[in-house]
Amino acid sequence: MKNDYIGVAVVGAGRIGTLRAKLAAKHPAVRYVAISDADPARAKALAEQSGANFHSGSNDEIIAHPEVNAVIVSTPEGAHAAPVCRALELGKAVLVEKPIALSLKDADAILATLKQTGGHLRIGYSRRYKECFLRAKEQMIHGRVGRVVGGLARVYNSRAQAFAILERDPHATPVLDVLTYYVDLMCWFLEGNRPVEVVARGQTGIFREAGYSAHDVTWAIVTFADGAVVNFGVSYALPSRYPTLGQSDRVEILGSDGTMIIDDDHLDHLLYSDKGIPHAYVPGHAVNMAFLGSNTAGDWAVGDFWGPLGNETRAWLDSLVTGHATVHTTPEQARVNLETTLAIERAVATGKPVRLPLEDEVDAARVRR
Ligand SMILES: NC(=O)c1ccc[n+]([C@@H]2O[C@H](COP(=O)([O-])OP(=O)(O)OC[C@H]3O[C@@H](n4cnc5c(N)ncnc54)[C@H](O)[C@@H]3O)[C@@H](O)[C@H]2O)c1
């Protein structure tokens with residue numbers, strides 16, 4: 001697609017759909033914005049806030065709208081497949097939030113539709129558009145760490161945000177919903193190599209007591225095809241008022257000629273306020289101390305939205321105009337990410353190593369204890 005007219009449909013008017021719609025409405029090539037939500041009142045409210053042209057309680061209505069040629073799917077994870085397939089069938093370019101789906105069955109339905117239609121689909125792994133990770137990829141392209149022998153990627157967040165995610169979809173566990181970003185980053189950094197085996201352990205407690213099957217902490221060792229060994233870890237069970245407002249993470253890459261350490265815990269920009277600091281993702285939640293810069297999507301500042309999700313949305317819209325390639329996650333890469341995180345959950349559930357690719361269909365709901 002190469003076009004200086006873009007009409008965008010945003011499907012799902014929640015937290016991320018709101019950001020996408022507001023960013024799209026500001027883009028110079030976007031002349032038309034339509035918004036849908038399963039809850040029509042939400043679609044209407046966001047249309048009013050963002051100045052959108054049209055809103056509806058029907059996804060199909062906005063996807064099929066003649067003014068629309070690009071679709072952003074920002075529904076909860078388990079509801080991605082239907083609007084993505086519909087948009088592809090109608091020949092519209094699609095950006096869908098991560099993960100591509102929660103089951104390989106849904107992911108494969110999307111990939112099959114893409115194959116039939118020859119359409120355009122990218123997946124919103126916005127960590128790729130965080131500047132520290134773009135810089136890291138650039139160094140990998142130049143080969144400065146040499147052959148990667150291993151590494152580490154771990155991410156922490158407070159349980160306040162985890163509960164907000166689990167409320168949206170109880171199957172969107174920290175592994176499938178969050179660790180997926182770091183699987184994506186490592187697979188991107190180690191491009192051409194892919195995960196072949198997973199060993200993992202997890203501990204339950206805090207989330208289980210609240211009625212969810214998600215683990216409080218999960219650690220996995222993933223072996224890549226050439227033998228590189230990467231340690232992945234996630235805990236979204238830190239105390240509710242822990243100062244992170246999103247992801248506090250650390251990524252390390254160990255190579256034959258170099259080492260890259262990316263300290264993304266955000267300890268370098270603290271704010272303390274007796275007045276409280278509102279949490280961008282969890283309504284009604286506030287902290288007294290915050291690691292500024294830790295909002296996963298980015299931040300509003302002086303009238304605009306800055307950060308990974310801003311960079312990612314603008315880059316995608318720009319690419320529709322210019323036709324230039326971008327570094328957005330491809331559907332095939334997103335499927336590898338999903339399969340690897342499903343394998344991590346299966347390895348935790350069975351206590352056994354899991355080989356990749358998975359030989360049978362693993363439904364997200366079935367692999368958990
Ligand atoms: N890139 C990032 O920084 C980032 C951050 C958080 C979430 N996400 C991803 O964004 C997606 C949405 O997350 P969110 O936090 O905005 O969720 P949310 O709960 O805030 O919003 C989801 C919205 O979708 C609506 N909805 C539910 N089912 C629908 C359907 N079938 N059709 C239309 N609308 C429907 C809900 O009413 C709600 O308004 C998820 O895939 C999530 O993983 C990305």
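Counting starts at 1 for both ligands and their atoms, in listed order.
- Counting non-hydrogen atoms of other residues, nucleotides and ligands closer than 6.0 Å to CD of Glu332 gives a total above 12.
- Asn53 places no side-chain N or O within 3.5 Å of a backbone atom of Ala34 that could act as its donor or acceptor partner.
- Of all atoms in ligand 1, listed by their number and element, those nearer than 4.0 Å to a heavy atom of Glu97 are 9 (C), 10 (O), 11 (C), 41 (O).
- Atom 15 (O) of ligand 1 has as its closest protein heavy atom Tyr281 OH, 2.4 Å.
- Considering Asp39, Thr18, Asp37, Leu19 only, the shortest heavy-atom separation from atom 37 (O) of ligand 1 involves Asp37.
- Checking Arg127 against Tyr182 by side-chain atom types alone, a donor-acceptor pair falls below 3.5 Å.
- Of all the heavy atoms of Asn59, the ones lying under 4.0 Å from any atom of ligand 1 belong exclusively to the side chain.
- Residue-ligand proximity, Asp177 to ligand 1, at heavy-atom distances under 4.0 Å covers atoms 43 (O).
- Across the listed options Arg42, His80, Arg15, His80 owns the non-hydrogen atom lying nearest to atom 41 (O) of ligand 1.
- For Tyr242 and Tyr156, the gap between ring centers reaches or exceeds 6.0 Å.
- Shortest contact from atom 24 (O) of ligand 1 to any protein heavy atom: Pro76 CD, 3.4 Å.
- The protein heavy-atom contact nearest to atom 42 (C) of ligand 1 is Glu77 OE2, 3.3 Å.
- Residue Lys98 has at least one N or O atom closer than 3.5 Å to an N or O atom of ligand 1.
- The proximity of Tyr129 to ligand 1, defined as any non-hydrogen pair under 4.0 Å, does not occur for either the backbone or the side chain.
- Using a 4.0 Å cutoff on heavy atoms, Ser74 counts as a contact of ligand 1.
- Each of the atoms 3 (O) of ligand 1 lies under 4.0 Å from some heavy atom of Ala297.
- Geometric assessment of Arg15 against the ring of Tyr281 yields a positive cation-pi assignment under the 6.0 Å and 45° thresholds.
- Under a 3.5 Å cut-off, the side chain of Asp37 and the backbone N or O of Ala13 do form a donor-acceptor pair.
- Aromatic ring orientation, Phe305 versus Trp300: perpendicular (interplanar angle above 60°, classes split at 30° and 60°).
- Aromatic ring centroids of Phe207 and Phe163 lie under 6.0 Å apart.
- For ligand 1, the atoms sitting less than 4.0 Å from at least one non-hydrogen atom of Tyr181 are 1 (N), 2 (C), 3 (O), 4 (C), 5 (C), 44 (C), numbered in the order shown with element in parentheses.
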If you look only at distance, which donor and acceptor atoms sit under 3.5 Å apart when one is on a side chain in residues 40-48 and the other is two or more places apart or in another chain?
{"unit_1": "Lys44", "atom_1": "NZ", "unit_2": "Glu48", "atom_2": "OE2", "d": "3.2"}

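- Ranking the protein heavy atoms by distance from atom 1 (N) of ligand 1 puts Ser126 OG, 2.8 Å first.
- The ligand atoms of ligand 1 that sit less than 4.0 angstrom from a heavy atom of Gly12 are 24 (O), 34 (N).
- For atom 8 (N) of ligand 1, the nearest non-hydrogen atom of the protein is Ile16 CG1, 3.6 Å.
- Summary of contacts: the protein heavy atom closest to atom 31 (N) of ligand 1 is Ala79 CB, 3.7 Å.
- Protein heavy atom at the shortest distance from atom 34 (N) of ligand 1 is Ala38 N, 3.1 Å.
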Is there a salt bridge (charged side-chain N to carboxylate O under 4.0 Å, His left out) between Arg135 and Glu138? Walk through the geometry before answering. CA-CA 5 Å; Arg135 275 195 296 270; Glu138 180 69 15; over 6 Å; no
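- With sequence neighbours excluded, the residues that form a side chain to side chain contact (heavy atoms under 4.5 Å, CB included) with Ala315 are Tyr129, His328.
- Under 4.0 Å from ligand 1, the heavy atoms of Leu309 that appear belong solely to its side chain.
- For atom 21 (O) of ligand 1, the nearest protein heavy atom (residue, atom name, distance) is Gly14 CA, 3.2 Å.
- Using a 30° and 60° split on the angle between ring planes, His279 and His285 fall in the tilted class, from 30° to 60°.
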